[in-house]
Amino acid sequence: MNTAPTQDPSTAVALPSEAPSAAVVRPAQAPSTAVVRPAGETPTARVRHARPEDLPRVAELAAEHAAYEKAAPLAPGLAARLQTLLFATPSPRLRCLVAELPDTTLAGYATCAPELSTWDGAEYLHMDCLYLTESARGHGLGALLMTAVRAEAAALGLAEIQWQTPPWNEDAIRFYDRLGATSREKRRYSWPAAGE
């Protein structure tokens with residue numbers, strides 16, 4: 001596994017190679033797994049693709065995420081549905097990345113999938129979720145998850161990443177602004193496909 005540390009003297013990041021506001025970021029080439037290493041020390045946390053055995057914890061994190069965003073509780077059986085979306089098809093659209101602490105605890109996740117922009121006449125990567133537990137925030141894991149999402153976009157040959165965050169989530173907005181993302185005012189709607 002090849003690694004390439006960054007130039008930041010306080011923290012080296014080794015990136016192993018591995019095959020209703022909306023925001024936009026253009027990806028740069030980067031691998032989809034990242035390991036944070038204080039200079040001269042062993043890894044302290046990493047971001048990697050989810051594995052089947054991670055899905056019960058990812059479902060728990062998704063439920064925490066929904067509660068944090070004041071959304072309705074998630075329907076039971078999410079882990080099984082994610083299993084189908086991520087691992088039961090030869091070319092899954094959905095990608096799931098997890099933030100793993102040194103003790104192997106999963107402290108967060110990000111999910112993304114390619115989508116289409118009619119106005120641009122091009123695909124982009126839609127980041128559906130990015131969530132870290134409260135105790136995992138402020139330690140650089142959000143930036144690692146975003147780096148991994150950016151790497152997914154690059155690997156798919158997509159030039160842009162888009163996502164949304166609630167307008168009241170000022171911490172997330174500040175984080176995305178620090179990344180250099182731009183925002184667009186929009187409202188997100190949902191409508192049942194089957195109806196009266």
Side-chain angles (χ1 to χ4, degrees), residues 3-4 6 8 11 13-36 43-51 54-55 57-59 61-62 64-66 68-69 78 82 85-87 89 91-101 106-117 120 122-133 136-166 169 171-184 186 188:
T3 61
T6 65
D8 180 353
T11 305
V13 180
L15 299 172
S17 296
E18 183 181 291
S21 291
V24 177
V25 166
R26 302 207 184 281
Q29 285 286 33
S32 59
T33 299
V35 180
V36 176
T44 58
R46 70 179 181 151
V47 169
R48 61 172 173 78
H49 285 102
R51 299 186 285 250
D54 298 326
L55 298 182
R57 177 61 179 149
V58 171
L61 291 166
E64 288 178 28
H65 187 188
Y68 177 78
E69 290 201 0
L78 178 59
L82 290 174
L85 291 169
L86 291 165
F87 302 109
T89 177
S91 299
R93 283 175 30 95
L94 183 66
R95 274 89 172 132
C96 182
L97 301 153
V98 293
E100 183 179 66
L101 301 178
L106 299 186
Y109 75 105
T111 55
C112 52
E115 294 296 340
L116 180 70
S117 168
D120 293 334
E123 287 185 298
Y124 64 91
L125 191 66
H126 175 249
M127 183 174 68
D128 185 50
C129 294
L130 185 144
Y131 178 76
L132 288 167
T133 60
R137 296 177 198 147
H139 302 287
L141 288 174
L144 284 179
L145 280 167
M146 290 301 294
T147 297
V149 169
R150 186 177 249 189
E152 292 294 321
L156 292 167
L158 303 176
E160 188 172 78
I161 304 161
Q162 296 184 20
W163 65 94
Q164 304 172 82
T165 196
N169 194 346
D171 289 339
I173 291 167
R174 278 191 300 276
F175 170 68
Y176 297 138
D177 286 346
R178 281 194 312 269
L179 289 177
T182 57
S183 65
R184 301 177 191 143
K186 278 194 170 185
R188 182 176 182 172

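Since this is a predicted model, take the numbers as computed values, not measurements.
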Undergrad: Minimum heavy-atom separation for Leu116 to Ala122, with atom names?
TA: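 Smallest interatomic distance, heavy atoms only, reads CD1-O, 3.6 Å.
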Undergrad: Specify the closest pair of heavy atoms between Gly142 and Leu130, including all atoms of both residues, with the distance to one decimal.
TA: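 Smallest interatomic distance, heavy atoms only, reads O-CD1, 4.4 Å.
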Undergrad: Is any side-chain heavy atom of Leu106 closer than 4.5 Å to one of Arg48?
TA: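 Yes. Closest side-chain heavy atoms under 4.5 Å.
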Undergrad: So Met146 and Trp163, do their side chains get closer than 4.5 Å, heavy atoms only?
TA: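 Heavy-atom side-chain distance check passes, below 4.5 Å.
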Undergrad: Checking side-chain contact (heavy atoms from CB on, under 4.5 Å) for the pair Leu82/Thr111: CA distance, chi angles, key distance, verdict?
TA: CA-CA 11 Å; Leu82 290 174; Thr111 55; 5.7 Å; no
Undergrad: For Phe87, give me all partners under ring-ring contact (aromatic ring centres under 6.0 Å, His included), at least two apart in sequence or on another chain.
TA: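 Phe87 satisfies ring-ring contact (aromatic ring centres under 6.0 Å, His included) with no other residue.
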Undergrad: Out of curiosity, Cys112 SG to Glu115 CD, how far, rounded to the nearest 0.5 Å?
TA: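 Cys112 atom SG to Glu115 atom CD measures 10.5 Å (nearest 0.5 Å).
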Undergrad: With side chains defined as the heavy atoms from C-beta onward, is the minimum distance between Leu61 and Val98 less than 4.5 Å?
TA: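 No; the side chains remain at least 4.5 Å from each other.
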Undergrad: Any heavy-atom pair between the side chains of Leu97 and His49 that's under 4.5 Å?
TA: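 Yes, side chains in contact.
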Undergrad: How long is the straight-line distance from OH of Tyr176 back to CE of Met127, given to the nearest 0.5 Å?
TA: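 Between Met127 CE and Tyr176 OH, I get 4.0 Å after rounding to 0.5 Å.
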Undergrad: For Leu78 and Ala59, which heavy atoms make the closest approach, and how far apart are they?
TA: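 Minimum heavy-atom contact is CD2-CA, 3.9 Å.
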Undergrad: Any chance you could measure Glu100, atom CD, to Arg57, atom CZ, to the nearest 0.5 Å?
TA: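 One gets 12.0 Å once the value is rounded to the nearest 0.5 Å.
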Undergrad: Answer yes or no: is there a side-chain heavy-atom contact under 4.5 Å between Leu94 and Asp128?
TA: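 No. Closest side-chain heavy atoms not under 4.5 Å.
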Undergrad: Working to the nearest 0.5 Å, report the span between CG of Leu179 and CD1 of Ile161.
TA: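 Interatomic distance, Leu179 CG to Ile161 CD1, rounded to 0.5 Å: 9.5 Å.
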Undergrad: Looking at side-chain heavy atoms only, is the closest gap between Leu132 and Leu145 below 4.5 Å?
TA: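 Heavy-atom side-chain distance check passes, below 4.5 Å.
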Undergrad: Does a side-chain heavy-atom distance below 4.5 Å link Leu156 with Glu123?
TA: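 Not touching, per the 4.5 Å side-chain cut-off.
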Undergrad: Looking at Gln162 and Glu160, what are the two nearest heavy atoms and their distance?
TA: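 Shortest heavy-atom contact: NE2-OE1, 2.8 Å.
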Undergrad: Does Cys96 form a side-chain contact (heavy atoms from CB on, under 4.5 Å) with Val58? I'd like the steps, not just the answer.
TA: CA-CA 9 Å; Cys96 182; Val58 171; 4.0 Å; yes
Undergrad: Is there a salt bridge (charged side-chain N to carboxylate O under 4.0 Å, His left out) between Asp171 and Arg174? Walk through the geometry before answering.
TA: CA-CA 5 Å; Asp171 289 339; Arg174 278 191 300 276; 2.2 Å; yes
Undergrad: Any idea which heavy atoms bring Leu125 and Glu152 closest together, and the distance?
TA: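 Result for this residue pair: CD2-CB, 4.0 Å.
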Undergrad: Would you say that Pro114 contacts Leu158 through its side chain, given a criterion of any heavy-atom pair below 4.5 Å between the two side chains?
TA: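 Yes, close enough: below the 4.5 Å cut-off.
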Undergrad: So Tyr131 and Tyr109, would you call those rings parallel, tilted or perpendicular, with 30° and 60° as cut-offs?
TA: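 The arrangement is tilted - the two ring planes meet at 30° to 60°.
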